[in-house]
Amino acid sequence: MRPQPDFIHEFVPGKSVRTLLLLHGTGGSERDLIPLGHELDPNAALLSPRGKVLEHGMPRFFRRLAEGVFDLEDLQERTNELADFVISAAKHYEIDKGQIVAVGYSNGANIAASLFLLRPEILAAGILFRAMLPLVPETKPNLNSKRIWIGGGAHDPIVPASNTKELVELLRSSGADVTIRFFQSGHELTSADVNAACEYLTRLRY
Ligand code: MLT
């Protein structure tokens, strides 16, 4: 039987106990970030779901009302649904639940941030490319043992640097160990992002 609740997804077994939870951007699919996952950690298992919300046919992880304006009710529901999927997938594929690292880009980075804020038990660490503050939770989560790396684009027209910094403040004030780097780029992912994230993951202890 497939993991329930189900998402269309790819699972690639690994050679180490770590699993990267790959979360694509708007218009992406479960296949998009597989090469990135292999590049970031060639030994890790990869779990890569496809977002269930369609915006003009483009898959996303939650609804938005406009660019950068999120449907908060949907975001909360989708965050819980994704968290429940990860739990059932972990059982199904015999993934170590204490070794899951989210790797998200854009919309995927935003739902990864939401997982940290609403369901922090799911993730040990996160690599968030071009993330923004998705929501402010009613109560602050306890993120004491969490390690989070965030890569921003200094000229990103979609994610203002001030918004990424608000996310960093909230995560840090909740106890997370956050590294933030800004790159000379826009919203697109660059090789400088990937190299810096690779280095961080290699040194990562949690
Ligand atoms: C979002 O909707 O999550 C952000 O605006 C990023 C995007 O997907 O364009």
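As the structure is a computational prediction, the values presented were derived from the model and not from experiment. Counting starts at 1 for both ligands and their atoms, in listed order.
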A cation-pi test, strictly: NZ or CZ of Arg64 under 6.0 Å from the centre of the six-membered ring of Phe62 and no more than 45 degrees from its axis. Yes or no?
no
If we only count N/O pairs under 3.5 Å, is Glu67 in contact with ligand 1?
no
Tell me the protein heavy atom at minimum distance from atom 4 (C) of ligand 1, and give that distance in Å.
Asn110 ND2, 3.5 Å
Have Ser29 and Arg50 got a donor and an acceptor in their side chains that come within less than 3.5 Å?
no
Return the residue, atom name and 0.1 Å-rounded distance of the protein heavy atom closest to atom 5 (O) of ligand 1.
Arg64 NH1, 3.3 Å
Can you see whether Arg60 engages Ser106 through a side-chain donor-acceptor pair at a distance of less than 3.5 angstrom?
no
Can you tell which of Val103, Leu82, Asp32, Asn110 makes a side chain to side chain contact (heavy atoms under 4.5 Å, CB included) with Leu23?
Leu82
Report yes or no: does Phe70 have a heavy atom closer than 4.0 Å to ligand 1?
yes
For Gly68, take its heavy atoms, then give the atoms of ligand 1 lying under 4.0 Å from any of them.
5 (O)
To check your reading of the model: name the closest protein heavy atom to atom 7 (C) of ligand 1, its residue, and the distance in Å.
Ser106 OG, 3.2 Å
When you measure from the centre of the six-membered ring of Phe7, is the NZ or CZ of Lys52 under 6.0 Å away and within 45° of the axis?
yes
Arg60 to ligand 1, any heavy atom closer than 4.0 Å
yes
Does the side chain of Asp41 come under 3.5 Å of the side chain of Asn43 through a donor N or O and an acceptor N or O?
no
Can you tell me which residue and heavy atom of the protein come closest to atom 8 (O) of ligand 1, and the distance to 0.1 Å?
Thr26 OG1, 2.6 Å
